[in-house]
Protein chains: 2
Amino acid sequence: MVETRTVRASENLGGTSPAPAVTRAAAVLDVLAASQSGRLTLSDLARELGIPKSSTSNLLLALEDADLITRQGADFALGIKLVELGAAYLSRRDEVREFYRFCEEAPTLSRETVRIAMLDGTNVIYLARYEGHPAVRLTSNIGDKMPVSLCAVGKVLIARLHDHDLAEMFPDDLELPVMTPKSLRTGAALKAQLQNIRSQGYAMEDEESTTGVVCLAVSVPTRGAHGPSLGVSVTALKATYSQEQGEQMVAELQELARTLGNPMG
Amino acid sequence: MVETRTVRASENLGGTSPAPAVTRAAAVLDVLAASQSGRLTLSDLARELGIPKSSTSNLLLALEDADLITRQGADFALGIKLVELGAAYLSRRDEVREFYRFCEEAPTLSRETVRIAMLDGTNVIYLARYEGHPAVRLTSNIGDKMPVSLCAVGKVLIARLHDHDLAEMFPDDLELPVMTPKSLRTGAALKAQLQNIRSQGYAMEDEESTTGVVCLAVSVPTRGAHGPSLGVSVTALKATYSQEQGEQMVAELQELARTLGNPMG
DNA sequence: AATGAGAGTCCAATGCACTGAACAGAAACC
DNA sequence: GGTTTCTGTTCAGTGCATTGGACTCTCATT
């Protein structure tokens, strides 16, 4: 945490930014979310954001007033209102409801750990998790972010993008985050897999984020003009994973994806 | 939705409000979260908030820029960033992690549906849910809000408050929200239960929010000076519920509460 | 076509939110 | 005790964000 980023009106190059206080307030939330302990003092935040303490004080008062942050003694932390707003977002996505319904009734998936995720830049965010049979106890929670290169859903979702976008997001020499010895290490390695994923219609992750764990994922056709990129995945233990079981799970995932893509549910 | 509330600097009576743009931006999020469809146009929002369209436009641009809202054609909706921030909040609460760990290992609770919630005004917000044996398929999700009068956790949490606070929050003649024939209907009825809850150390909900379902809840001792009011609850089917089973579950809930209240986990 | 009601955008004038510097309190150091 | 280095708060001046009204565009209705 050495770098100090300045959030000024001039930040958005190419145009003057409206409501700079809002932009800065959002930056406060980001900094709190990214901070190790989740608790920072006014001065910490002012330093981190590169804005005067007096201005920061005003921002924090307004944010606290709106319950978006809480004051804990001298420290500030994210507020419970954010959980509530996040839940409000999810409650509007009826894919989530349909996802649960489908998982409960699917012959194989109903006994597995299934997740639905959406693409957000070069990460995926998990929207819901179904745990039919918690053989695999996941550490990831709803709302958690994961680099696309490290999970099957991530790979299957970026496989939908155009090559020139991919080239921009993942230059050949880009160093990817590494979590296990099997993690993909460069943009080139990642892009090399995509053609294969496109032709077979699903993606696989083989111990790339967690040793001993494999994932299969399928992309959900975008419903409507403004929908996000969604994908569904199953997580299984490598030790008990078999080819036939994998094929069955992919088939059910594909049916789930079709169901979610269809506006009637 | 007839009433139009005006969000001006003078809103916070008793003092001028700093960073009014932030206060208004938070109001935008609230309105979107509260709206039926979750999608409103710029003009809708301007009307609802009682601020000029041009100002609203600026707010929305800034919010969109921060990913806190998304534009879907002419409509605006809550953004995925809120889910992410909500998850960041939860990830910092280590009570949640400990809650899961405890539930998995507890003899009885590990096979039940258990939740942890926190008090937020006259509502509780669910922070996590453990589903050991999904006999009871809950419709509530993490981040969902519930009036305290309708659930066991709510009742056990307000039982900790002082009488004068209770008198203010729940006047005798206050009409409470009703979801089943057994729901408590007035502030007086709610307060009448509290003395009993205090003396027995746990609260029960008997088909007050969902017919056929009972809940037991215990309050978690507040850890540290600035901690929120937390409670844990089990949900069971009334049909299969027995006295002995209830006693066992209360005992385990109390142990869970002690564990969570203890700073070492 | 013509009209009206809705949407969102634009821009100059202006009033208020931001800020810098000075201030005060707490804690840590020598 | 004195000094330094934190913390957060206060306030008057000023520069920029806000805003009202005019504008454009789209879509129904007559």
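Residue numbering restarts at 1 for every chain, and letters A, B, ... go by the order of the sequence lines. Predicted model only: the values in this text are computed from it and were never measured.
Residues B:Thr56 and B:Arg24 have side chains that never bring a donor and an acceptor to within less than 3.5 angstrom of each other. With no hydrogens or angles considered, a side-chain donor-acceptor pair links A:Asp44 and A:Thr41 at under 3.5 Å. B:Asn58 and B:Ser55 form no side-chain donor-acceptor contact under 3.5 Å, judged by distance and modelled atom types alone. Side chain to side chain, A:Ser91 and A:Arg97 fail the donor-acceptor criterion of an N or O pair below 3.5 Å. For the residue pair A:Arg115 and A:Ser140, a side-chain donor N or O sits within less than 3.5 Å of a side-chain acceptor on the partner.
If you find the closest nucleotide of DNA chain D to A:Ala19 and to A:Thr41, the one lying nearer the 5' end belongs to A:Thr41. Along DNA chain D, the nucleotide closest to A:Ser43 and the one closest to B:Asn58 are compared, and the more 5′ of them pairs with A:Ser43.
Nearest nucleotide to the B:Arg24 side chain, out of C:dA7, D:dT18, C:dG20: D:dT18. Of the listed nucleotides (D:dT19, C:dC18, C:dA7), D:dT19 has the atom at the smallest distance from the side chain of B:Pro52.
Across the protein-nucleic acid pair, A:Leu59 atom CG and C:dC18 atom C1' stand 10 Å apart, rounded to whole Å. Atom CG of B:Leu45 and atom P of C:dG8 are 9 Å apart (whole Å). Taking atom CD1 of residue A:Ile51 and atom C1' of nucleotide D:dC16, one finds them 16 Å apart after rounding to whole Å. Rounded to an integer number of Å, the gap from CG of A:Leu40 to C1' of D:dG8 is 15 Å.
Put simply, the residue from B:Val124, B:Val178, B:Asn123, B:Leu176 that forms a side chain to side chain contact (heavy atoms under 4.5 Å, CB included) with B:Pro147 is B:Asn123.
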Polar atoms only, N or O, under 3.5 Å: list the protein pairs with nucleotides 9-14 of chain D and their distances.
{"from": "D:dT9", "atom 1": "OP2", "to": "A:Ser57", "atom 2": "OG", "distance (Å)": "3.3"}

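For the pair B:Arg47 and C:dA7, the criterion of a side-chain N or O lying under 4.0 Å from OP1 or OP2 is met.
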